[in-house]
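Note that the structure is predicted; figures quoted are calculated from it, not measured.
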Amino acid sequence: MLRFAVTLFAVITSSTCKKFGCLEGDTHKLKPSPEPNMHECTLYSKSSCCYADFTEQLAHSPVIKVNNSYWNRCGQLSKSCEDFTKKVECFYRCSPHAARWIHPNDTAAIQFVPLCQSFCDDWYEACKDDSICVYNWLTDWEWDESGENHCKNTCVPYSEMYTNGTDMCQSMWGQSFKVSESSCLCLQMNEKDMMAMKYLFSESSEESSSISSSEEYACQKRLLKFEKLKREEGEQTR
């Protein structure tokens, strides 16, 4: 489950690779390309860093394991928790943008991907009554000789393992994710992300780690327009 490679690779030095290539995980392509027959992760079907056959592992519920990583070591995830877990898995495996946040010391990993506070809160709410036995999913499992994960500690509810959505998002996958200060310039793992990407990847935001008020305003304005169009489309299909 979202298991990053343990072996460290050489740091990518080409900015072109970071922007237009994929991570070097065990299921990633070299470059993103269309995958029209995806079983899951369809958000990335037009430009995907994973192959369609990988998504077969996520296409049915309950998901028992992805590659050698079991999702049910503390019992099957609830459908709502599983849905959020799939979204995060799909982003790591399939998003053509994940490599923008490539880890400086591991080309198979991501670091500080900005998630929206609302996404983290909703994810926590969906999983709080499910059980878990590791705080950091990257480091706290016990791995056997066949590469399968096992609990080293007792299973407890998510609500006991993590204080809130922020704690969960910024701890579960080590430094992979961070909660954004912005409510717009952040990812929600849905179709709205393309608008956020436009501003997150602008030259000004790449040169500065801070979020400018103009970028925030432009993003919010664009988001409102998008939501209005979606409402109108919904009304027309009724």
Side-chain angles (χ1 to χ4, degrees), residues 1-35 38-41 43-58 63-71 73 84-115 119-120 123 132 134-150 152 168-179 186-187 189 193 197 200-201 206 209:
M1 174 183 176
L2 197 66
R3 183 184 174 197
F4 300 133
V6 176
T7 304
L8 295 180
F9 296 91
V11 179
I12 288 182
T13 57
S14 168
S15 61
T16 301
C17 288
K18 290 182 181 180
K19 292 182 179 181
F20 304 112
C22 298
L23 297 169
E24 293 188 5
D26 55 359
T27 61
H28 291 83
K29 301 177 183 177
L30 290 176
K31 294 181 180 181
S33 60
E35 287 288 332
M38 294 177 79
H39 305 270
E40 270 286 354
C41 311
L43 181 64
Y44 311 109
S45 61
K46 292 182 179 179
S47 180
S48 175
C49 279
C50 69
Y51 293 99
D53 59 357
F54 163 76
T55 64
E56 291 182 23
Q57 300 177 70
L58 302 173
V63 176
I64 296 175
K65 68 174 183 175
V66 175
N67 290 354
N68 286 338
S69 297
Y70 282 81
W71 288 24
R73 290 311 191 194
F84 274 90
T85 307
K86 283 183 179 182
K87 288 180 180 180
V88 176
E89 188 78 38
C90 285
F91 174 80
Y92 171 68
R93 302 282 187 176
C94 305
S95 173
H97 304 295
R100 297 272 191 159
W101 292 282
I102 195 167
H103 194 286
N105 299 318
D106 186 353
T107 55
I110 50 179
Q111 185 179 57
F112 302 143
V113 177
L115 297 180
F119 177 85
C120 292
W123 184 9
I132 190 173
V134 292
Y135 183 68
N136 185 331
W137 289 68
L138 300 181
T139 60
D140 295 352
W141 291 107
E142 182 175 284
W143 301 93
D144 63 23
E145 293 181 355
S146 63
E148 295 181 355
N149 59 315
H150 299 275
K152 292 190 291 186
M168 187 179 74
C169 277
Q170 297 186 162
S171 305
M172 180 183 285
W173 300 114
Q175 295 183 326
S176 299
F177 301 107
K178 68 174 183 178
V179 177
C186 53
L187 304 187
M189 307 299 177
D193 287 355
M197 296 288 186
L200 284 168
F201 298 152
E206 287 181 352
S209 60

Check: Hey, what do you get for CD (Glu40) to CG (Leu58), rounding to the nearest 0.5 Å?
Finding: 6.0 Å
Next item on the list: Say whether Asp144 and Ser146, considering side chains only, have a donor N or O and an acceptor N or O under 3.5 Å apart.
Entry: yes
Next item on the list: Taking the side chain as every heavy atom from C-beta outward, state whether Ile110 and Ile102 have any atom pair closer than 4.5 Å.
Entry: no
Check: With respect to the side-chain SG atoms, do Cys94 and Cys41 come within less than 2.5 Å?
Finding: no
Margin query: Just so I know, are the side chains of Met189 and Cys90 near enough to count as touching, which here means a heavy-atom distance under 4.5 Å?
Written below: no
Notebook entry, point to check: His28 vs Tyr92 aromatic rings, parallel, tilted or perpendicular, using cut-offs 30° and 60°?
Noted result: perpendicular
Item checked: Partner of Ser176 under side chain to side chain contact (heavy atoms under 4.5 Å, CB included), chosen from Leu138, Val88, Leu115 -> Leu138
Next item on the list: From the options Lys87, Lys86, Arg93, select the one residue that forms a side-chain hydrogen bond (donor to acceptor under 3.5 Å, both in side chains) with Glu89.
Entry: Arg93
Checklist line | Within-4.5 Å side-chain heavy-atom neighbours: Leu187 and Phe119 | finding: no
Next item on the list: Locate the shortest heavy-atom distance separating Gly21 from Ala99; write the atom from each residue and the value.
Entry: O-CB, 3.6 Å
Notebook entry, point to check: Under 3.5 Å, is there a donor-acceptor pair between the Ser48 and Glu35 side chains?
Noted result: no
Next item on the list: Please report the closest heavy-atom contact between Leu23 and Ala98, naming both atoms and the distance.
Entry: CD1-CB, 4.0 Å
Check: Within a strict 4.5 Å, meaning less than it, do heavy atoms of the Trp123 and Met168 side chains meet?
Finding: yes
Notebook entry, point to check: Would you find a donor on one side and an acceptor on the other, under 3.5 Å apart, between the side chain of Asn67 and the backbone of Ser69?
Noted result: no
Next item on the list: Work out which heavy atom in Met38 is nearest to a heavy atom in Thr55; give both atom names and the distance.
Entry: CE-CG2, 3.7 Å
Checklist line | Flag side-chain contact, heavy atom, 4.5 Å: Glu148 against Tyr70 | finding: yes
Note to self: Can you confirm whether Lys46 is buried at NZ, in the sense that more than 12 heavy atoms of other residues, nucleotides or ligands lie under 6.0 Å from that atom?
What the structure shows: no
Next item on the list: Before giving the answer on disulfide (SG to SG under 2.5 Å), spell out for Cys22 and Cys49 the whole-Å C-alpha distance, their side-chain angles and the decisive distance to 0.1 Å.
Entry: CA-CA 6 Å; Cys22 298; Cys49 279; 2.0 Å; yes
Checklist line | Beyond-backbone contact of Trp101 with Leu200, side-chain heavy atoms, under 4.5 angstrom | finding: yes
Notebook entry, point to check: Quick check: are the SG atoms of Cys169 and Cys120 less than 2.5 Å apart?
Noted result: yes
Item checked: Minimal non-hydrogen separation, His150 against Arg73, with atom names -> CE1-NH2, 3.4 Å
Note to self: Side chains of Trp173 and Asn136, heavy atoms from C-beta outward: is any pair under 4.5 Å?
What the structure shows: no
Item checked: Criterion side-chain contact (heavy atoms from CB on, under 4.5 Å) on Asn68 and Asn149, from CA distance to verdict -> CA-CA 7 Å; Asn68 286 338; Asn149 59 315; over 6 Å; no
Item checked: SG-CG distance between Cys186 and Asp193, expressed to the nearest 0.5 angstrom -> 8.0 Å
Next item on the list: State whether a side-chain donor-acceptor pair under 3.5 Å links Thr27 with Tyr51.
Entry: no
Checklist line | Distance, nearest 0.5 Å, that separates NZ of Lys152 from CD of Glu142 | finding: 6.5 Å
Check: Do the side chains of Phe91 and Leu43 get nearer than 4.5 Å, heavy atoms only?
Finding: no
